[in-house]
Amino acid sequence: MTPVLQARGISRSYGQVQALAGADFDVEAGEVVALIGDNGAGKSTLVRILSGAESADTGEVLFEGNPVQLATPSDARRLGMETVFQDLALAPHLSPVQNMYLGREVRRPGPLGWFGFMDTRAMRAGSREAFDRLGAPVRNLTGPIGSMSGGQRQAVAVARAAAWAKKVIFLDEPTAALGVAQTQNVLNLVRRVSAEGIGVVFISHSMPHVMEVADRIQVLRRGRRVATFRQQDTSMEQLVAAMTGALQWEAH
């Protein structure tokens, strides 16, 4: 099967610091791929490049088998790829509905729409459908999102990405700083998103979470992919060994 998204030989330097040194990566439709590695391994840099937030120095990105140029996040979004970064990129003073449609507002039909009036009823209905489809624990659609729990904010960010993504979602540390119940909600959201045929790239330092949701696990070390595992064929000990350099070969 042709991966929906593939990176080959991606390199990126910041002055004297080489964040990526010929990194490879791939994810298939409907698959959860965990991307793991120690701090400084290059995970976030690779995701920023694949989501159009940064450009690579060398290497190529293929989308459904065809080379693509991702110069901006808009390029990635046009291909059906969405990203949930660690800071969630939510506007805390806006409601879940307003955050869901931020930059994608629906105007009312007819002359009122020409004058900039928004179709709040349609946006509210679309938001509720997106939250319910993913089982997101969001009940209050009108209050400011800054007053909501960390789990609810995560759910809004993931549901927003899932509502607009058609092909791939990147989740950068989506369970960081969450409680047990909130974390489980996010992990359940990951499964539901992949069940809709969307490829999920799951970046996490939590090995139990990785083992719970991932179909495959790809390990970055010093800017390169050093191992690829099937979840059912590996253990946390093997993952740690690959991350630390104790495992020196690439496993498939």
Side-chain angles (χ1 to χ4, degrees), residues 4-5 27 29-30 32 47-48 50-54 61 63-64 66 68-172 174 182 185-186 188-201:
V4 63
L5 183 66
V27 58
V32 180
V47 168
R48 288 197 297 270
L50 294 177
S51 62
E54 290 192 19
V61 177
F63 182 79
E64 296 182 330
N66 301 308
V68 293
Q69 296 293 326
L70 302 175
T72 69
S74 295
D75 294 336
R77 286 194 290 267
R78 277 191 289 269
L79 293 175
M81 298 192 290
E82 296 285 337
T83 305
V84 180
F85 291 109
Q86 288 188 50
D87 62 5
L88 303 183
L90 297 172
H93 62 289
L94 298 181
S95 71
V97 173
Q98 291 167 320
N99 272 282
M100 175 70 75
Y101 284 89
L102 190 61
R104 295 180 170 102
E105 292 82 2
V106 178
R107 295 195 177 191
R108 293 180 65 174
L112 288 178
W114 304 341
F115 289 102
F117 285 85
M118 298 296 107
D119 192 338
T120 55
R121 180 178 298 178
M123 291 189 289
R124 187 178 296 119
S127 299
R128 174 51 65 202
E129 180 183 357
F131 297 146
D132 289 346
R133 187 177 74 249
L134 295 175
V138 181
R139 298 292 173 261
N140 181 2
L141 298 183
T142 58
I145 203 167
S147 66
M148 298 181 179
S149 70
Q152 288 176 318
R153 292 195 296 271
Q154 289 278 17
V156 170
V158 174
R160 178 179 65 180
W164 301 112
K166 304 301 180 186
K167 299 294 183 178
V168 178
I169 291 182
F170 298 96
L171 301 174
D172 193 354
Q182 296 170 337
N185 284 335
V186 172
N188 291 341
L189 287 175
V190 169
R191 293 195 195 92
R192 292 189 183 101
V193 168
S194 66
E196 295 193 348
I198 298 171
V200 180
V201 182

Non-hydrogen atoms of [X] and [Y] that approach each other most closely:
{"X": "Pro92", "Y": "Pro144", "result": "O-CB, 3.6 Å"}
{"X": "Gly143", "Y": "Met148", "result": "O-CE, 3.8 Å"}
{"X": "Pro96", "Y": "Thr142", "result": "CD-N, 4.5 Å"}
{"X": "Gly126", "Y": "Tyr101", "result": "CA-OH, 3.4 Å"}
{"X": "Gly197", "Y": "Ala29", "result": "O-CB, 3.7 Å"}
{"X": "Phe170", "Y": "Leu50", "result": "CZ-CB, 3.6 Å"}

Distance check, rounded to the nearest 0.5 Å: [X] atom [atom1] versus [Y] atom [atom2]?
{"X": "Ser95", "Y": "Leu102", "atom1": "OG", "atom2": "CG", "result": "10.0 Å"}
{"X": "Phe85", "Y": "Leu90", "atom1": "CZ", "atom2": "CG", "result": "13.0 Å"}
{"X": "Arg77", "Y": "Lys166", "atom1": "CZ", "atom2": "NZ", "result": "14.5 Å"}
{"X": "Asp172", "Y": "Arg48", "atom1": "CG", "atom2": "CZ", "result": "8.5 Å"}
{"X": "His93", "Y": "Gln98", "atom1": "NE2", "atom2": "CD", "result": "7.5 Å"}

request  = Please indicate whether Glu129 has more than 12 foreign heavy atoms, meaning atoms of other residues, nucleotides or ligands, lying under 6.0 Å from its CD.
outcome  = no

key: Heavy atoms of other groups near Arg128 CZ, more than 12 under 6.0 Å   = yes

Side chain [X], main chain [Y], donor-acceptor under 3.5 Å:
{"X": "Glu82", "Y": "Ala162", "value": "no"}
{"X": "Asn99", "Y": "Leu94", "value": "yes"}
{"X": "Arg160", "Y": "Ala155", "value": "no"}

Do [X] and [Y] make a side-chain contact, defined as non-hydrogen atoms from C-beta onward lying under 4.5 Å apart?
{"X": "Asp119", "Y": "Pro109", "value": "yes"}
{"X": "Met118", "Y": "Arg108", "value": "no"}
{"X": "Phe63", "Y": "Asp75", "value": "no"}
{"X": "Leu79", "Y": "Leu70", "value": "yes"}

ask   = Arg124 and Ser127: side chain to side chain donor-acceptor pair (under 3.5 Å), yes or no, with the steps?
value = CA-CA 5 Å; Arg124 187 178 296 119; Ser127 299; over 6 Å; no

inquiry  = Checking Leu171 against Val200 for the side-chain contact (heavy atoms from CB on, under 4.5 Å) test, could you report, in this order, the C-alpha distance in whole Å, the side-chain angles of both residues, the deciding distance, and whether it holds?
reply    = CA-CA 7 Å; Leu171 301 174; Val200 180; 3.9 Å; yes

Test side-chain contact (heavy atoms from CB on, under 4.5 Å) applied to Val4 and Val168, step by step = CA-CA 8 Å; Val4 63; Val168 178; 3.7 Å; yes

request  = Go through the steps for Trp164 and Met100 under the test side-chain contact (heavy atoms from CB on, under 4.5 Å), then give the verdict.
outcome  = CA-CA 9 Å; Trp164 301 112; Met100 175 70 75; 4.3 Å; yes

